[in-house]
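Letters A, B, ... are given to chains in the order of the sequence lines, protein chains preceding strands, and every chain is numbered from 1.
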Protein chains: 2
Amino acid sequence: MVLKDYNKEDKVLLAVDCIIFGFDEEGLKILLIKRDFEPKKGCWSLIGGFQKKDENLDQAAIRILNHLTGLHDIYMDQLYAFSKVDRDPKERTISVAYYALIDIATHDSDLIRLDSAQWFSLKKVPSLIFDHNLMVKKAIARLRQSAMTKPIGFELLPEKFTMRQLQQLYESILNKKLDKRNFINKVNSLDILIKLEEKDMTVSRKGAYLYRFDKDKYYKKLLEGFSFKL
Amino acid sequence: MVLKDYNKEDKVLLAVDCIIFGFDEEGLKILLIKRDFEPKKGCWSLIGGFQKKDENLDQAAIRILNHLTGLHDIYMDQLYAFSKVDRDPKERTISVAYYALIDIATHDSDLIRLDSAQWFSLKKVPSLIFDHNLMVKKAIARLRQSAMTKPIGFELLPEKFTMRQLQQLYESILNKKLDKRNFINKVNSLDILIKLEEKDMTVSRKGAYLYRFDKDKYYKKLLEGFSFKL
DNA sequence: ACAAAAGTGTTTGCATTACACCCATGT
DNA sequence: ACATGGGTGTAATGCAAACACTTTTGT
């Protein structure tokens, strides 16, 4: 090899697919859309589109998500590049998957106008196009992994939430029951929550105290590096 | 949007860059090559090339690594897709980075004929082309992360090795000193090493027992899921 | 005899787990 | 008065960290 001629190299379509995790009283869910174009029109699919030349992948993910769902100000992390040769039957396409966590209730206003987008419980995810089920599987694994090492959930809960909600969130992510007292002790020892005077009275006769995250403390601890085992 | 015309979408060049970690008596290193083509001819660079249409990214990484270095039978993991718009000044290129761990001594015969490839200690990595230093940084972070949660090192050491070598490996990866006795106790408790009768007499007057990995036990434990904190 | 690296156990503190009863309120 | 979910503390256990001396053998 003496000189590389870039023009001789193959070019490919680069897609981005977004796995959006949401949480509400029923548990952990993902957001899917019904495709309105071929191939596979009418099938359920992740939120996806093609990257444009003048944007990087993070930007493409944000644009695509916003364009298809109206969601904005969502921070997404890159998950993995999926590149099986025949993954898209129509044309050679590589897809880079992104994922994000959001609170269903606070973002529902963005979504409400869409009849094509729908939340699915993790256990009831339908068969998706291409390799999208594989992407979902990988995203869940990543989510679980990161839930075990650092506190997440921040983004999945409303501004104010009860301890029980936070615990249920972790139970859905880790897919196992946790002890109430141990969970509370653990979370309190992290010192990233602020207990409010307010109670959520809808949840029981007695009512449950509401909490919110202390973002300053949270970010400070993130830098120092937590450990958070459950 | 009614129908999607794939032909209207932008296509891009997709590159693969490989971060190859190696280990020898001097510590942890990475393998770099001197570019023999433009742009940036003569600069140090990761081992990289372009993906071809008829292969997936894993295959491309293996092909490129083998082509440029002669290395074969190396298992690589995907690290991250780098997509900054102007990362390659010549043309819009997205690069998916892969990384692998190998034992320098056992693979040296593949590399010996190359004058363009060279090992660099982690602390002495030169300035690299494009965003390759960023890739290296991310790969080190990933390596550290995975070293803290599961036993790696398998691939970084020769068939037979001493406890002290294994410990030094972990010390280089984690960049801190570890206690000899605690390290040994920990590793032994995992029950994935086989102690041999043989001793390595080159290393000291007294000599040090050699060990090798028990691959069966190791893979079995991997499935069950270890935890390995140091 | 001594220098150089290998080998070996025990104690201490900290973090995780298991576990059961009372409280406040609406019906 | 009772049913429902919320809230609270302690004891036992397991894991990680700290720590010092003896062994071998080449020079």
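When heavy atoms are screened at a 4.0 angstrom cut-off, K186(B) is found touching the sugar-phosphate backbone but no base atom. Within 4.0 Å (heavy atoms only), K229(B) reaches sugar-phosphate atoms of the nucleic acid but no base atom. Contacts of K195(B) with the nucleic acid, taken as non-hydrogen atoms under 4.0 Å apart, involve only primed sugar atoms and P, OP1 or OP2.
If you take NZ of K180(B) and P of dA18(D), they are 16 Å apart, rounded to a whole angstrom. Atom CG of N185(B) is separated from atom P of dT10(C) by 11 Å (rounded to the nearest Å). L178(B) places its CG atom 17 Å from the P atom of dG7(C), with the value rounded to the nearest Å. In this entry the distance linking CG of D200(A) with C1' of dG6(D) reads 12 Å, nearest Å. We find that CZ of F183(B) is positioned 18 Å from P of dG9(C), with the value rounded to whole Å. Atom CG of D179(B) is separated from atom P of dA20(D) by 11 Å (rounded to the nearest Å). Counting to the nearest Å, the P atom of dC19(C) and the CD1 atom of I184(A) are 18 Å from each other. The CD-C1' distance, from Q165(B) to dA6(C), rounds to 14 Å in whole Å.
Mapping S204(A) and F228(A) onto DNA chain C by nearest heavy atom places F228(A) at the nucleotide closer to the 5' end. Comparing K199(B) and V203(A) by the nucleotide of DNA chain D that holds the closest heavy atom to each, the one mapping nearer the 5' end is V203(A).
With a 6.0 Å cutoff to the six-membered ring centre and a 45° limit on the axis angle, K199(B) counts as a cation-pi contact of Y209(B).
Side-chain N/O atoms of R181(A) and base N/O atoms of dA20(C) include a donor-acceptor pair closer than 3.5 Å. The base of dA18(D) is paired with the side chain of N182(B) by a donor and an acceptor separated by under 3.5 Å. The base of dT25(D) lies outside donor-acceptor range of the side chain of K206(B), with no N or O pair under 3.5 Å.
When every heavy atom of I94(B) is checked against every heavy atom of R87(B), the shortest pair comes out as C-NH1, 4.1 Å. Between L169(A) and L156(A), the closest heavy-atom pair is CD1-CD1, 3.6 Å. In terms of heavy atoms, K206(A) sits closest to M201(A) at O-CE, 3.7 Å.
Not one side-chain nitrogen or oxygen of R205(A) sits closer than 4.0 Å to the OP1 or OP2 atom of dA3(D).
For T162(B) and D200(B), the side-chain atoms include no donor-acceptor pair closer than 3.5 Å.
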